[in-house]
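Right, one structure below, let's go through it.
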Amino acid sequence: MADLNDPTTDWWRHAVVYQVYVRSFADSDGDGIGDLPGITARLPHLADLGVDALWLTPFYTSPQHDHGYDVADYKDVDPLFGKLDDADDLIARAHELGLRVIVDVVPNHSSDEHEWFRAALAAEPGSPERARYLFRDSEDGNPPNNWESVFGGPAWTQVDDGQWYLHLFDSTQPDLDWRNPDVPEMFEGVLRFWLDRGVDGFRIDVAHGLFKEASLRDQVLREDEPAGSSHGRTDADSREPKEMVERDARDEPMWDQPEVHEVYRSWHRILDEAGPDRMAVAEAWTSTVESMAAYIRPDELDQTFNFAWLLAEWSAESFAEVITDTLASVESVDASPTWVLSNHDVTRHVTRYGGGEQGLARARAATLAMLALPGSSYLYQGEELGLEQVDVAPEDRQDPSYLRTGEVGRDGCRVPIPWGGTQAPYDFGPGSAQPWIPQPDDWAALTVEAQAADPTSTLAFYRDALRIRRDFAWTAGDKVDVLDLGQDVLAFRRGPLTVVLNCGTTPVELPEGEVLLASGPIDGTLPADTAAWLRA
Ligand code: GLC
Ligand code: MG
């Protein structure tokens with residue numbers, strides 16, 4: 001385990017980081033919305049689970065059009081979630097429990113209720129206030145270029161005097177102009193503010209955004225290609241593996257511009273000044289593994305989410321390919337790899353793997369393989385309970401991408417966590433009302449309370465895996481040897497550990513060794529949709 005008291009360790013290099021989606025983790029005040037005191041009270045769950053750190057999604061002042069990813073004040077806490085003191089308490093309590101804290105920073109855009117955007121609207125075209133965003137004129141009454149919002153529809157909105165502003169996401173999330181020196185200066189202050197309050201790192205939202213090609217020229221679209229800013233995807237359900245592969249063919253003047261790297265070099269210096277144990281992880285939907293590695297060069301950010309793992313289809317071949325490619329790319333820049341199966345933007349992996357018993361078996365198996373790999377694993381709240389994507393009723397959907405397009409969005413992975421009891425809100429908060437997204441009525445067996453009492457539960461499985469992982473995470477080395485145990489089997493050796501994942505339909509022989517843990521019942525052989533850790 002990374003020693004929390006040793007400021008010289010790169011604690012993140014082999015950490016398990018648990019993503020807390022603030023609105024949906026735990027509610028302290030009975031308004032049906034999760035909040036910071038709610039999280040603080042539930043931190044023992046994370047300590048018992050055995051994670052090293054938590055990542056909190058944005059809890060800053062925000063009108064909540066994108067549930068906090070539309071920030072109106074980067075240095076304060078939204079009253080929905082508490083006060084600054086509550087953030088301080090959360091950080092202090094987490095540190096007492098040996099947990100590091102990563103917070104989100106959202107630099108690509110602000111909220112339209114940020115004081116800068118209000119001032120921009122009140123000011124004239126061509127004013128310094130407008131120059132902090134991307135306001136443009138258009139000659140023909142159409143938007144200034146053909147870019148589309150990641151959430152659907154045009155990426156431009158017109159204001160009363162006829163100018164348009166760019167928003168790669170919702171119209172309430174105007175993009176900042178990073179070529180304006182006010183913008184980098186403000187964010188340097190934001191980083192310092194939270195570092196001074198004791199946070200251990202940052203998760204950088206849309207890290208490949210920030211700069212757009214200066215001309216703001218049209219995106220050149222192939223004939224068969226839908227318009228739009230793919231951002232790696234358009235919504236949770238359309239994230240097909242092929243999209244990732246084909247993206248390098250896309251023309252994307254809105255993403256991944258070379259100037260962005262200078263920003264991360266300066267952020268690296270700010271993190272270093274705060275101490276050798278502060279880190280940053282990028283959300284960068286880049287088109288190739290090479291461009292991903294550029295974000296984690298030694299003088300830039302520490303890690304970047306490896307969405308290729310999440311996008312891999314259920315096959316030994318595709319898992320092996322992602323492992324090999326990932327390790328090669330991070331090795332080229334001496335960074336540590338990351339792995340992730342779920343987050344607040346994608347369909348939960350139990351459901352992606354088919355749902356039901358088989359989906360859960362596969363999810364547990366893929367998790368076990370992931371947790372054995374060198375580097376960090378990012379877990380998403382509720383996966384330790386085996387939660388599935390919820391089919392949220394149309395009237396309860398609140399994702400701005402749903403509101404813009406009418407297509408099912410990301411609400412189904414954001415349903416509040418069931419902690420105990422037999423009916424909604426399952427101890428998510430006080431009272432008996434449904435929380436902000438209603439919970440299903442069949443979650444009684446999935447609560448933390450119910451699963452804690454059952455040694456075969458998914459929660460017990462995660463606890464076992466994380467406990468055993470501590471014995472090898474820092475000592476088994478960075479080298480992975482992929483073994484050939486047949487076409488349907490992902491197998492690899494890492495130090496003393498052998499990992500086998502059966503993606504086929506029939507049981508396979510286990511290699512020699514003592515079984516440390518399996519993702520499901522085994523009896524001599526390894527059944528389909530099951531993984532095991534062995535020690536030679
Ligand atoms: C990132 C966040 C997502 C948010 C978007 C805009 O992709 O993960 O939830 O909607 O950025 O900030
Ligand atoms: Mg609340």
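Both ligands and their constituent atoms are indexed starting at 1 by order of listing.
- Note on Asp31: its N/O/S atom closest to the Mg ion (ligand 2) is OD1.
- Because the distance cut-off is set at 2.8 Å, Gly30 fails to qualify as a neighbour of the Mg ion (ligand 2), as none of its N, O or S atoms comes that close.
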Output, in order, the C-alpha distance, side-chain angles, deciding distance and verdict of salt bridge (Lys or Arg N to Asp or Glu O under 4.0 Å) for Asp399 and Arg397.
-> CA-CA 6 Å; Asp399 180 350; Arg397 293 180 195 152; over 6 Å; no
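- Residue contacts with ligand 1 include Arg203, since one of its heavy atoms falls under 4.0 Å from the ligand.
- Among Asp205, Asp170, Asn108, the residue whose heavy atom lies closest to atom 1 (C) of ligand 1 is Asp205.
- Interface of Arg414 with ligand 1, defined as ligand atoms under 4.0 Å from a residue heavy atom, comprises 9 (O).
- Nearest N/O/S atom of Asp35 with respect to the Mg ion (ligand 2) is recorded as OD2.
- A ring pair (Phe, Tyr, Trp, His ring centres under 6.0 Å) with Trp194 is found for one member of Tyr60, Phe187, Tyr74 and no other, namely Tyr60.
- Considering all non-hydrogen atoms of both residues, Pro154 and Arg404 come closest at O-NH2, 3.1 Å.
- Pairing each heavy atom of Ile91 with each of Arg197, the nearest pair is CD1-O, 3.7 Å.
- Under a 4.0 Å criterion applied to the non-hydrogen atoms of His344, ligand 1 contributes the atoms 2 (C), 3 (C), 8 (O), 9 (O).
- The only option from Asp73, Asp78, Asp70, Asp76 that meets the side-chain hydrogen bond (donor to acceptor under 3.5 Å, both in side chains) definition with Ser62 turns out to be Asp70.
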Evaluation steps, side chain to side chain donor-acceptor pair (under 3.5 Å), between Tyr69 and Asp104 = CA-CA 9 Å; Tyr69 284 97; Asp104 228 301; 2.8 Å; yes
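- With ligand atoms numbered from 1 in the order given, ligand 1 contributes 6 (C), 12 (O) to contacts under 4.0 Å with heavy atoms of His109.
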Could you please spell out the steps behind the side chain to side chain donor-acceptor pair (under 3.5 Å) verdict for Gln158 and Tyr165?
-> CA-CA 7 Å; Gln158 195 167 25; Tyr165 66 89; over 6 Å; no
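- The atom of Asp29 that is an N, O or S and sits closest to the Mg ion (ligand 2) is OD1.
- Ring geometry for Tyr264 versus His261: interplanar angle over 60°, hence perpendicular rather than tilted (30 to 60°).
- Judged by the shortest distance from any of its heavy atoms, Phe151 lies inside the 4.0 Å radius around the atoms of ligand 1.
- Summary: OD1 is the N/O/S atom of Asp27 found nearest to the Mg ion (ligand 2).
- Residue Arg410 approaches ligand 1 through these ligand atoms, each under 4.0 Å from one of its heavy atoms: 3 (C), 4 (C), 9 (O), 10 (O).
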